[in-house]
Amino acid sequence: GAGVSQSPSNKVTEKGKDVELRCDPISGHTALYWYRQSLGQGLEFLIYFQGNSAPDKSGLPSDRFSAERTGGSVSTLTIQRTQQEDSAVYLCASSGNSGGGTDTQYFGPGTRLTVL
Amino acid sequence: AQKITQTQPGMFVQEKEAVTLDCTYDTSDQSYGLFWYKQPSSGEMIFLIYQGSYDEQNATEGRYSLNFQKARKSANLVISASQLGDSAMYFCAMREALYGNNRLAFGKGNQVVVIP
């Protein structure tokens, strides 16, 4: 079956612009995660969605970052007024969150964001 | 405090030889899961293997095995019979039940280059 997909694969933007990054999880997966991977910070958790519950936003680095998940499926991560330090690869993952087993997170290919 | 420690420098491995990647972790939780992911130059994070904190047997998946030493808080990955396609970054990650959100904490990664 199809894996996690993300778009765009690459995004170059100017400082101060807003960007939207999209994630389409594996069909049937109820949990969705956003992570950020940068050279200086490694892989950082950003936000977690589980079904219809309120998202866990504890990893978002500032209020310029927000995310939503529509219909329990596709998610959009929005970064407003982008800064150069936002340059990173943004990875999306989904899991079945069955409550048992491994609840393994499966990752998409990522969006490489470059802020000039 | 760093949750996952991967301190080995980049490694060169001869094709067909085995390689061990070190991972130590820090948690006060009794219930947790340990994961290894592979990230080739293409950027996608590929799930390799999972070990639950209550699992008595070391996990194995094909050529991958996890040497789990709970008292030492280590979860080393062993790749047997290395192949050229194993050249990648390898990340150890931990999920702690106490967070209730299944988020993963990642180590900095180990770079492996397999040489013919």
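In what follows, chains carry the letters A, B, and so on, assigned in the order in which the sequence lines appear, proteins first and then strands, with residues in each chain numbered from 1.
In this structure, A:Y33 and B:N102 have side chains that are in contact, with non-hydrogen atoms separated by less than 4.5 Å. No side-chain heavy atom of B:L104 sits under 4.5 Å from any side-chain heavy atom of A:F45. Within the 4.5 Å cutoff, no side-chain heavy atoms of A:L91 are placed close to those of B:E44. Looking at B:R103 and A:S58, their side chains come closer than 4.5 Å, going by heavy atoms from C-beta outward.
For A:Q37, the part lying under 4.5 angstrom from a heavy atom of chain B is the side chain only. With a threshold of 4.5 angstrom between heavy atoms, B:Q39 approaches chain A through side-chain atoms but not through N, CA, C or O.
What you find for A:Q105 and B:Y37 is that their closest heavy atoms are O-OH, 2.6 Å.
Between A:T104 atom OG1 and B:I49 atom CD1 the span is 11.0 Å, to the nearest 0.5 Å. Note: A:L43 CG to B:K108 NZ = 9.0 Å, rounded to the nearest 0.5 Å. A distance of 13.0 Å separates SG of A:C92 from CE of B:M45, quoted to the nearest 0.5 Å.
If you chain together hydrophobic residues whose side chains sit under 4.5 Å apart, A:Y106 and A:L77 never meet in one group. B:F47 and A:W34 sit in two unconnected hydrophobic clusters of ILVMFWY residues. Membership requires side-chain heavy atoms under 4.5 Å apart, directly or through other members. Under the 4.5 Å side-chain heavy-atom criterion for ILVMFWY residues, no single connected hydrophobic cluster contains both B:F35 and B:V78. Linking ILVMFWY residues whenever their side-chain heavy atoms come closer than 4.5 Å, directly or via other members, places B:F91 and A:V89 in the same cluster. One hydrophobic cluster holds both B:V112 and B:Y64 under the rule that ILVMFWY side chains link at heavy-atom gaps under 4.5 Å.
For A:R69, the CZ atom sits in a packed shell: over 12 heavy atoms of surrounding residues, nucleotides or ligands are nearer than 6.0 Å. The 12-atom threshold is exceeded at NZ of B:K70, counting heavy atoms of other residues, nucleotides or ligands nearer than 6.0 Å. Other residues, nucleotides and ligands contribute only 12 or fewer heavy atoms inside 6.0 Å of the CG atom of A:L39.
The six-membered or imidazole ring of B:F106 lies near that of A:Y35, with a centre-to-centre distance under 6.0 Å.
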